Amino acid sequence: MIDLRGVMIAIPARNEAESIGGVIREVRDVASSAPILVLDDGSVDDTRRIAEAAGAEVLSFAYHLGLGGCVQAAYQYAFERGFEYVVRLDGDGQHDPADIPRMVEALRATGCELVIASRFLDAPDRPKIAPRLMGIVLFRFILRILLGKVVTDPTSGYVGVNRNALRLFSRVFPLQYPEIEALVVLQRRAFRFTEIPTSMRPRLHGQSTITPVRVVFYMIHVLLGVFVNILRVPAFPFRRKGK
Amino acid sequence: MYSFPLAITLLAAILVVSVIVAIRRKHLRVEYSVAWLAGAMLVLLLSLPTRLLATLGRLLGANSPETALVYVLIGSILFVCFHYGTVISRLRDDATALAQRLAIAELELRRLRGER
């Protein structure tokens with residue numbers, strides 16, 4: 001059993017009343033000592049009440065901030081409270097909490113600032129929506145050029161970060177679609193990341209909000225964000241300064 | 001000398017007066033009125049019976065004073081839109097930061113009260 005002291009679990013959720021309770025209980029089963037923080041992004045259902053009843057703390061936002069804004073708040077909270085690691089997984093039940101100990105272990109063993117749970121590292125799961133597959137292939141190609149290494153699952157929302165990354169992301173974090181831009185933010189500071197394999201499960205309840213039009217908008221938005229991040233921060237010549 | 005349609009002069013003058021009244025009544029902050037005032041004053045200036053618009057038209061390569069005016073109007077509108085784009089972006093960032101701090105403060109308060 002891996003020691004999970006100093007680890008916080010962050011679960012972004014918006015109108016996930018049907019699934020959030022089950023996700024929290026699953027996380028409890030594998031990481032009973034880690035505090036769970038649900039990020040309630042302006043839900044209009046019972047997400048907050050159910051999450052609290054299941055034993056999680058809830059950061060409840062006054063209005064719909066978007067994924068990046070929620071996750072950054074969790075990183076700020078964790079950094080201020082002195083946590084060493086944060087593992088973030090979705091509130092819809094698609095991410096298997098059984099991988100949390102392996103993610104923390106990977107962060108500790110490699111010293112990387114960020115670990116991504118990848119659906120494509122070992123098992124080549126294919127996204128069901130064709131435009132989404134196009135997006136992943138495109139971003140793999142772009143990130144391979146920018147980062148100098150392959151990222152098999154650049155859009156994964158199942159990630160773990162260490163305290164160096166918490167310090168950075170508390171101040172600088174993409175507010176809309178954070179996954180890919182966050183990698184570029186890290187790379188510009190010469191921080192490191194790695195991937196471990198995972199497998200996605202079907203949503204427990206509800207339907208994905210991802211549509212082909214949204215995927216195209218997402219791709220344009222992220223491409224711009226990547227470009228802006230490169231313009232803002234020149235490649236950092238020194239390693240691991242926490243800036 | 002090009003004689004400008006009186007209606008355009010009146011519209012520009014009304015816009016200038018409206019902006020000043022809005023500032024006075026605190027419906028508009030001074031810093032956000034600059035773009036509107038600058039655009040309206042420019043159109044007002046160009047509409048005065050001077051050679052200014054014709055000269056400007058030649059400089060811009062416009063084949064008539066009316067075309068030069070369209071150029072100026074489009075430029076003014078783009079400038080105002082860009083200005084408000086930057087203002088909205090800053091406000092959005094500020095609102096996000098406030099909402100984040102509020103959520104964290106609320107959670108800390110609940111913990112202190114022993115509700116969590």
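Note that the structure is a prediction, hence the values are computed from the model and not measured. Chain letters run A, B, ... following the sequence lines, proteins first and then strands; every chain starts at 1.
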Which bit of [X] is near chain B, if near means a heavy-atom gap under 4.5 Å: side chain, backbone, both or neither?
X: A:Glu80; result: side chain
X: A:Leu65; result: both
X: A:Leu39; result: neither

List, one per line, each side-chain donor-acceptor pair under 3.5 Å for residues 21-31 of chain B, sequence neighbours excluded.
residue: B:Arg29; atom: NE; partner: B:Glu31; partner atom: OE2; Å: 2.9
residue: B:Arg29; atom: NH2; partner: B:Glu31; partner atom: OE2; Å: 3.1

### Task
Assess whether atom OH of B:Tyr84 is packed by more than 12 heavy atoms of other residues, nucleotides or ligands within 6.0 Å.
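Count over threshold, so yes.
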### Message
Surrounding OH of B:Tyr32 (heavy atoms of other residues, nucleotides or ligands, distance under 6.0 Å), is the total greater than 12?
### Response
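Atom OH in B:Tyr32 is crowded, with more than 12 foreign heavy atoms closer than 6.0 Å.
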### Query
Between B:Arg110 and A:Glu57, is there a side-chain N and carboxylate O pair less than 4.0 Å apart?
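No, B:Arg110 and A:Glu57 are not salt-bridged.
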### Query
What heavy-atom pair brings A:Ser60 and B:Ala103 nearest, and what distance separates the two atoms?
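Closest approach of A:Ser60 to B:Ala103: O-CB, 3.5 Å.
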### Query
Between B:Leu107 and A:Val58, is any pair of side-chain heavy atoms under 4.5 Å apart?
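The answer is no; the side chains never approach within 4.5 Å.
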### Message
Counting heavy-atom pairs closer than 4.5 Å to chain B, which one of A:Ala73, A:Cys70, A:Gly69 comes out on top?
### Response
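The candidate making the most pairs under 4.5 Å is A:Ala73.
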### Query
Do any of residues 91-102 of chain B have a heavy atom less than 4.5 Å from a heavy atom of chain A, and if so, which, in residue order?
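Hits under 4.5 Å: B:Arg92, B:Asp93, B:Ala95, B:Thr96, B:Ala99, B:Gln100, B:Arg101, B:Leu102.
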